[in-house]
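Counting starts at 1 for both ligands and their atoms, following the listed order.
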Amino acid sequence: MMDYAAQYGKRRARLAAQMQPGSVAVLPTAPEILRNGDSDYPYRHDSSFYYLTGFTEPESVLVLVAAHGDKPARAILFCREKNVEREIWDGYRHGPEAARTAFGFDDAYPISELDTHMARILANAPALYYAVASNAALDAQVTGWIKAVRAQGRTGTTAPDTVVNVLPLLDEMRLIKDADEQALMLRAGEISGGAHARAMRAAKPGMFEYELEAELLYAFRKHGAQFPAYTPIVASGPNACILHYNVNDRQMQDGDLVLIDAGCELDGYASDITRTFPVNGRFTDAQRTLYELVLAAQDAAFRAIAPGRPYSAFHEAALRVLVQGMLDLGLVDKTKYATVDDAIADKAHVPFYMHGTGHWLGMDVHDVGAYRDVTQADKPSRPLQEGMVVTVEPGIYVRPADGVPERFWHIGIRIEDDVVVTGDGYRLLTASAPKTVAEIEAIVGTTHG
Ligand code: GLY
Ligand code: MN
Ligand code: MN
């Protein structure tokens, strides 16, 4: 079992070590947001705040002071005070003192004292590390703190004269997942894969898409995941060609495929899986042909994932397989293109494959971290590194159109898995979701005997 307080403390130390000596970082957690009437949306902390604290209470701000001379770096938490009345209604609050001890901060104060303390903490700090324009209310407070420090100018006190965006530093840290994070993401992948298997077992023609959504949500929660990592997509028949469909209210018909894109969030970490399967348990020839093509594209993508390979390589590998298939199957007119590369250069695939083959995955489903090295003139795709986690999600979506073979109309297929880059390749985090044609045909509908 990891020592959580120590782990978060190490992350704070790594961030502080990248800051100018004596400078100050301010990182708020996410606000609570009203849904309607007096009901809030379910509360979700800010990912970067949590990455540095492990603290999940709203109305919290982390302040880091970088080491300066012989003064060590300090981590200060501002959080809600204990409140007997509110705790009866809303639940436990650590309060500053208990939070300081449990989470290993150097100091902790009530959030109501933030303005008072910040005018002191920022005095003579050379720089403020803060993400301007993310939180309007806090932006206004920051302005107030700087004015308060400037007002002390006659005593020789100086206000920070530089504001540095702190998020890129954190994004780069978050991009490389340590062993504990990888273990958590593997568990999230196992839970989500099991949830997809559960939905497959439950499926049969006549059910509504939301009934499969219910199976997924049951399995997430049953295994301890706190939330879905994003709104589940359960898209049957023609709905599978709507990329972000999530109404999930159609009655599924015999002969339909259903595309399910759903993953849980476990202890702050996302998983992201898509499976596509026939509602009646048997692929038609046209469905199987396109399914095998997408599967082959995913296999080609996996083979392009290893440390040192550019991030873009696995998309390019998948795309080449997909476009060759589109030419072979008559989706793209092969009389117009001498080679696959010609077809890709002309974007002939875009009507059928209009998204990338993956993204970083972590605390956020589309996780933080740069995809390109912007310090170089041509901004090349960055090399993969051990500990990066990516999704691999090729697909094909065929809407009715002139010149498109009718047997493929309304078929939408995506196959999405999550992998962590290892020292010599990758490790699949989502193996528990059935995927081959044989695995899928063996499992769909088995709940019903
Ligand atoms: N579920 C969001 C995505 O696949 O990117
Ligand atoms: Mn994804
Ligand atoms: Mn997805």
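One of the N, O or S atoms belonging to Glu416 lies under 2.8 Å away from the Mn ion (ligand 3). Residue His359: an N/O/S atom is found under 2.8 Å from the Mn ion (ligand 2).
For atom 3 (C) of ligand 1, the closest non-hydrogen atom on the protein side is Asp272 OD2, 3.3 Å.
Checking Thr357 against Tyr353 by side-chain atom types alone, a donor-acceptor pair falls below 3.5 Å.
Taking the six-membered ring where tryptophan is involved, the planes of Phe302 and Tyr426 are essentially parallel, since the angle between them stays under 30° and well short of 60°.
For the pair His366 and ligand 1, a heavy-atom separation below 4.0 Å is found. Within the structure, ligand 1 lacks Val365 among the residues with a heavy atom less than 4.0 angstrom away.
Salt bridge absent: Asp267 and Arg187 never bring a charged side-chain N and a carboxylate O closer than 4.0 Å. Here Asp373 does not pair with Lys379 in a salt bridge; the nearest charged N to carboxylate O distance is not below 4.0 Å.
Here ring-ring contact (aromatic ring centres under 6.0 Å, His included) pairs that include residues 308-352, with residues two or more places apart or in two chains, are Tyr311-Phe314, Tyr311-Trp360, Tyr311-Tyr371.
With respect to the Mn ion (ligand 2), Glu393 has OE2 as its nearest N, O or S atom. As for Asp272, its N/O/S atom nearest the Mn ion (ligand 3) is the one called OD1.
Side-chain contact check for Phe105 versus Arg12: some heavy-atom pair is nearer than 4.5 Å.
Atoms of ligand 1 lying under 4.0 Å from any heavy atom of Glu416, numbered from 1 in the order shown and given with element: 4 (O). The atoms of ligand 1 that sit less than 4.0 Å from any heavy atom of Tyr230 are 1 (N).
For Phe277 and His196, the ring centers sit 6.0 Å or farther from each other.
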